Structure formats: structure tokens, C-alpha cells
There are 2 protein chains.
Amino acid sequence: MAGIDRTLVRSLTLFNKTSDADLDALLSSAASRRVPRGEAVFEQGAPATHFYLLLHGRLKVMQVTADGQQIIVRVVHPGDLFGFARALQRIDYPGTAIAAAESIVLVWPTDMWAVFLEQNPALAIGAMQTIGQRLEEAHTRIREMSTEEVERRVAHAVLRLIKQAGKTEKNGIRIDFQISRQDIAEMTGTTLHTVSRILSAWEGKGLVEGGRQKLLVLDPEGLSRLAEGYRD
Amino acid sequence: MAGIDRTLVRSLTLFNKTSDADLDALLSSAASRRVPRGEAVFEQGAPATHFYLLLHGRLKVMQVTADGQQIIVRVVHPGDLFGFARALQRIDYPGTAIAAAESIVLVWPTDMWAVFLEQNPALAIGAMQTIGQRLEEAHTRIREMSTEEVERRVAHAVLRLIKQAGKTEKNGIRIDFQISRQDIAEMTGTTLHTVSRILSAWEGKGLVEGGRQKLLVLDPEGLSRLAEGYRD
DNA sequence: CGAATGGTTGAGTGTCTTCAAACAGGGTGG
DNA sequence: CCACCCTGTTTGAAGACACTCAACCATTCG
């Protein structure tokens with residue numbers, strides 16, 4: 001499909017070993033799609049017909065349990081591959097990907113996955129590193145949920161967010177997409193009430209500045225100390 | 001290295017698309033190593049010089065947090081790849097792999113990883129599926145830790161164990177390696193005390209039969225119901 | 001301007017952890 | 001072969017952390 005910005009894609013670490021020719025081949029079979037805020041790219045349980053690359057914006061991947069509880073499995077940042085369910089012999093998507101901000105994604109049919117990897121071993125290694133990192137993030141999260149109490153988990157989650165989606169402002173670092181207390185709760189395995197209380201307390205200490213679906217971190221250092229378990 | 005059982009390796013799903021010639025090449029650069037119960041294959045933080053395949057036995061991969069708390073990241077079963085830290089540009093092992101039973105592992109130098117994948121795209125896809133499955137398991141565990149209370153998490157963990165390491169006996173299904181309450185606690189993010197109480201209660205209901213580092217599941221059905229959240 | 005969504009805060013409660021003590025079994029050395 | 005020790009397990013009691021329930025407030029959007 002025409003009109004895809006090659007220089008933007010070129011700059012992604014995933015493709016830093018891919019030749020220009022190979023990259024053109026990849027892009028030629030991709031489509032790009034604009035996703036408005038709040039809309040789903042794909043839904044949990046739907047057949048995995050495509051896989052995706054986020055070019056611009058921000059997505060939340062959510063899962064709903066049998067009894068209706070929601071959790072956020074991960075946040076997708078620009079440059080991330082996502083929705084590659086078929087890469088592991090799944091026929092459906094294990095979660096729902098929702099745009100937390102207006103987003104642009106590249107789309108390929110799932111059949112292309114195996115083709116690309118076989119034709120392009122460097123990409124296979126890159127993709128594997130990507131998945132491997134994701135695995136390690138998941139283990140980190142498991143460790144945190146096993147050993148840390150809620151306040152530290154929330155601190156870690158917020159630190160991760162400003163690292164991956166932080167925009168420096170005059171007073172501190174802003175999370176550059178709309179995120180609710182409910183979202184943070186679903187990322188840390190707690191309730192929005194507890195998150196609200198924690199953020200209020202932090203605001204009182206001058207660590208952060210809240211707002212409706214907004215969060216500005218004033219003192220990342222202090223938050224780090226909290227995350228590492230220093231009592232007060 | 002001579003003396004590695006090719007038919008055993010051949011039967012692993014990981015290699016079901018690998019040609020005999022390629023498989024021989026792989027095995028020719030591997031060494032096999034016997035690991036007695038309680039001994040570590042590699043230690044957390046040590047340079048990732050090798051990657052491994054478990055042929056026989058059972059391993060626990062553990063992580064220790066900064067403040068000394070332990071968790072079990074996963075259990076390694078025969079046929080599983082493990083310790084492939086370098087596959088994701090890590091230079092050290094993120095955890096410690098300890099033999100929960102006398103084990104036999106195949107060992108390769110990490111340099112071989114990239115070589116194998118580039119020479120053998122089918123293997124790359126197989127390896128990626130392996131890692132992908134692991135990622136999904138991790139997400140499942142995160143979901144359970146976020147939304148389920150301890151008893152259900154323990155039930156899920158035990159069900160997973162009998163599925164992956166269950167040996168049918170006359171009265172039920174036995175977990176076929178030594179596992180302590182502490183281990184189960186570290187797999188589910190709770191304390192050995194709570195696990196002990198839960199297992200005692202289950203024993204009272206005739207669901208399981210305990211013992212020192214032993215566990216026999218008498219009623220998998222009943223356990224499943226518990227895991228799915230049916231109150232009593 | 002009103003409805004809807006998101007956020008705050010209080011009170012009460014329950015699950016699980018922590019602290020503590022005692023017990024069981026398996027292996028080892030005398 | 002038995003006593004002892006070490007490790008793993010059981011169980012009780014107290015307390016804390018975070019959840020649930022509930023009510024109210026604030027902000028945004030149609």
C-alpha cells in the first residue's frame with residue numbers, strides 16, 4: 001500500500017538489521033489504519049486474521065475474565081509489534097487492543113508472518129528479542145505482584161509509564177496519554193479506590209500532580225525511592 | 001559430543017520440522033550434563049554463557065528480590081528450552097535454575113543461538129512459539145494474581161502441575177517430583193502458612209492427600225470447580 | 001445546563017500475613 | 001538400631017492492608 005512513511009519505520013530497532021529491499025517488501029504488503037481514541041483494533045476471542053505494528057499513538061491490551069473483571073495486560077507504545085497471536089499457534093486474540101489515544105497502526109495478514117520470518121532471519125531474531133523482552137516484563141510484573149504491596153506496585157507502574165510514555169514539562173514529567181485511576185488499578189491488580197487514595201497521598205507529599213485522566217510526576221527520584229521500598 | 005539419544009530429542013515438538021541433518025549438526029555442538037537434585041544449572045546474575053534444553057528431570061527457575069524474597073518464575077519440564085537469556089540481548093541470567101529432581105540437560109554455548117536460528121528458520125519459528133507460549137502463561141498468571149484470591153490461585157497452580165507433571169496412580173494423580181508448600185507459595189505469591197492451611201482444608205474435603213514434599217490429587221474435578229470460583 | 005463519567009473520601013470488614021510455638025518424619029552418626 | 005537433628009509442616013492468635021460498600025464531588029461533553 002502506498003503512502004507509508006518509510007523513514008519512520010526504518011528508525012525502529014526491530015528493523016535495524018533489515019535491508020531496504022526487504023523493508024520495502026514488508027511495507028508493500030501492509031496496510032495502514034487510523035484508530036480513533038476508544039476504538040478497538042481487535043477484540044478478545046476474535047479470529048487472529050492480522051498482526052500489527054503501532055506507528056503512532058498508544059494502545060491498551062485488555063483481558064476480561066470469565067466473571068467480568070478486567071485487567072490491562074500491557075500498554076503498546078509506538079514501534080511495538082502486537083496482535084501476533086498466530087505466531088504461537090493461537091487462532092484467536094487473547095485480549096482486546098483499545099486505542100488510549102488516536103493511533104496509527106500497520107496491518108498485515110497473519111499468513112505473512114511465517115513468510116517474513118523465513119525470508120528474513122534477522123527479522124526473526126529481532127522479533128524474538130521483542131517477545132523475549134515482553135516475557136521479561138511479564139516476569140517482573142509477576143515478581144512485583146508476588147512480593148510487593150500495592151503502593152510500591154503502583155509506584156513501579158507509574159515509573160514505567162513515564163519511562164515509556166513520559167513527556168518532560170516545566171514542573172515534571174507528564175504521561176502523554178489519557179489514563180484513568182481505573183486503568184492504573186487494572187495494571188497493578190488493585191481497585192481504583194486504592195489507587196485514588198495512594199495518588200492523593202502522593203499529591204500531598206508533592207510527588208505527583210493529579211487530574212482527570214491526567215498524571216504529572218513532579219519527583220521521579222522520590223517515587224523511585226518509594227518503589228524500592230524505602231518506608232516514607 | 002557423542003552419546004546423546006537422538007530419538008529422544010527427535011520426538012520433541014520443538015524439532016518436529018527440523019531435518020535429520022540439521023538435528024545432527026545441533027547435537028554435535030551440544031554437551032549433555034547430569035544435574036543432581038538441589039544443584040543449580042546456572043545462577044541468577046551469572047554471565048549467560050550457555051543455553052539449555054531439559055531432557056529429563058524437573059527444574060525450578062527462581063528469582064531473588066533485592067530484599068531477599070524468593071519466587072518461582074516457572075517450572076521447567078522435559079523438552080523445554082531454558083536459559084536462553086542471550087536471545088534477548090541480556091548478558092546475565094535473570095534467575096537461578098535448580099534441579100527439583102535428578103535431571104539431564106543439553107548445553108550449548110550462547111554463540112550458537114544466532115547461528116542456529118539463521119541457518120534454520122523452522123527452528124526459529126519453533127523457538128518463537130515456545131517463547132510465545134511462555135509469554136501467554138505469564139499473562140495467565142498475572143491475570144490470576146490480579147483477580148483471584150489465594151485459594152483459587154493455588155488450585156490453578158496445582159492443576160497446572162498435575163497437567164504438566166502428573167503421574168496417574170490408583171487413587172488419583174501424583175505430582176511426580178518433590179515439591180514443598182514453600183514452593184507452591186512461591187509459585188502463587190503467598191506464604192507457606194496459607195498454602196498449608198489450604199491444603200489441610202482440601203484434605204479434609206477429600207480433594208487431595210498431602211505429605212512431606214508430596215501431593216496427590218484425588219479429585220481433579222473438584223479442584224477445577226474450586227479454581228473456577230464456585231464457592232464451596 | 002444536565003447527564004455521564006471519573007474521582008475522592010469515609011467506615012466497616014475480611015482475607016491473608018506475621019509472629020509464635022509445637023509437631024512429624026527422614027536421614028545420619030554413634 | 002536407635003536417638004537425635006534438621007527440614008518441612010501444622011495450627012493458633014493477633015493484626016494489617018486493602019477491599020467492599022456507600023455517598024458525594026468535579027469535570028467534561030453533548
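Residue numbering restarts at 1 for every chain, and letters A, B, ... go by the order of the sequence lines. Not measured: the values here are computed from a predicted model.
Rounding to whole angstrom units, CD of residue A:Glu151 and C1' of D:dC19 are separated by 16 Å. Distance, B:Arg153 CZ to C:dT15 P: 14 Å, rounded to whole Å. For A:Ile198 and C:dT9, the CD1 to P distance is 13 Å, given to the nearest whole Å. Distance A:Asp183 CG to C:dG7 C1': 13 Å, rounded to the nearest Å. Rounding to whole angstrom units, CG of residue B:Asp67 and C1' of C:dT18 are separated by 15 Å. Spacing between atom CG of A:Leu199 and atom C1' of D:dA26 amounts to 16 Å, rounded to whole angstrom units. Protein atom CD of A:Glu203 is 7 Å distant from nucleotide atom P of C:dT8, rounded to whole Å. Protein atom CZ of B:Arg152 is 14 Å distant from nucleotide atom P of C:dT15, rounded to whole Å.
Ion pairing between a basic and an acidic side chain is recognised when a charged N comes within 4.0 Å of a carboxylate O; B:Asp176 and B:Arg58 show such pairing.
Taking a 4.0 Å limit (strictly below) on heavy-atom distances, residues 172-182 of chain B reaches DNA chain D at B:Ser180, B:Arg181. Applying a 4.0 Å cut-off to non-hydrogen atoms, the residues of residues 188-197 of chain B that approach DNA chain D are B:Leu192, B:His193, B:Ser196, B:Arg197, listed by residue number.
Atom CG of residue A:Leu207 and atom CD1 of residue A:Ile198 lie 12.0 Å apart, to the nearest 0.5 angstrom.
A donor-acceptor contact under 3.5 angstrom links the side chains of B:Gln182 and B:Glu186, judged on distance only.
In this structure, B:Trp202 and B:Leu223 have side chains that are in contact, with non-hydrogen atoms separated by less than 4.5 Å. Residues B:Glu148 and A:Thr65 fail the side-chain proximity criterion, which asks for heavy atoms closer than 4.5 Å. Using a 4.5 Å heavy-atom threshold, the side chains of A:Thr7 and A:Ser11 count as separate.
Applying the ring pair (Phe, Tyr, Trp, His ring centres under 6.0 Å) test to pairs two or more places apart or on separate chains, none has a residue in residues 133-178 of chain A.
If you run ring pair (Phe, Tyr, Trp, His ring centres under 6.0 Å) between B:Tyr52 and each of B:Phe84, B:Trp108, B:Phe82, only B:Phe82 comes through.
Contact detail for B:Gly79 and B:Leu53: the closest heavy-atom pair is O-CD1, 3.4 Å.
Mapping B:Glu148 and B:Lys214 onto DNA chain C by nearest heavy atom places B:Glu148 closer to the 5' end of the strand. The residue among A:Arg212 and A:Gln69 whose nearest nucleotide of DNA chain D lies closer to the 5′ end is A:Gln69.
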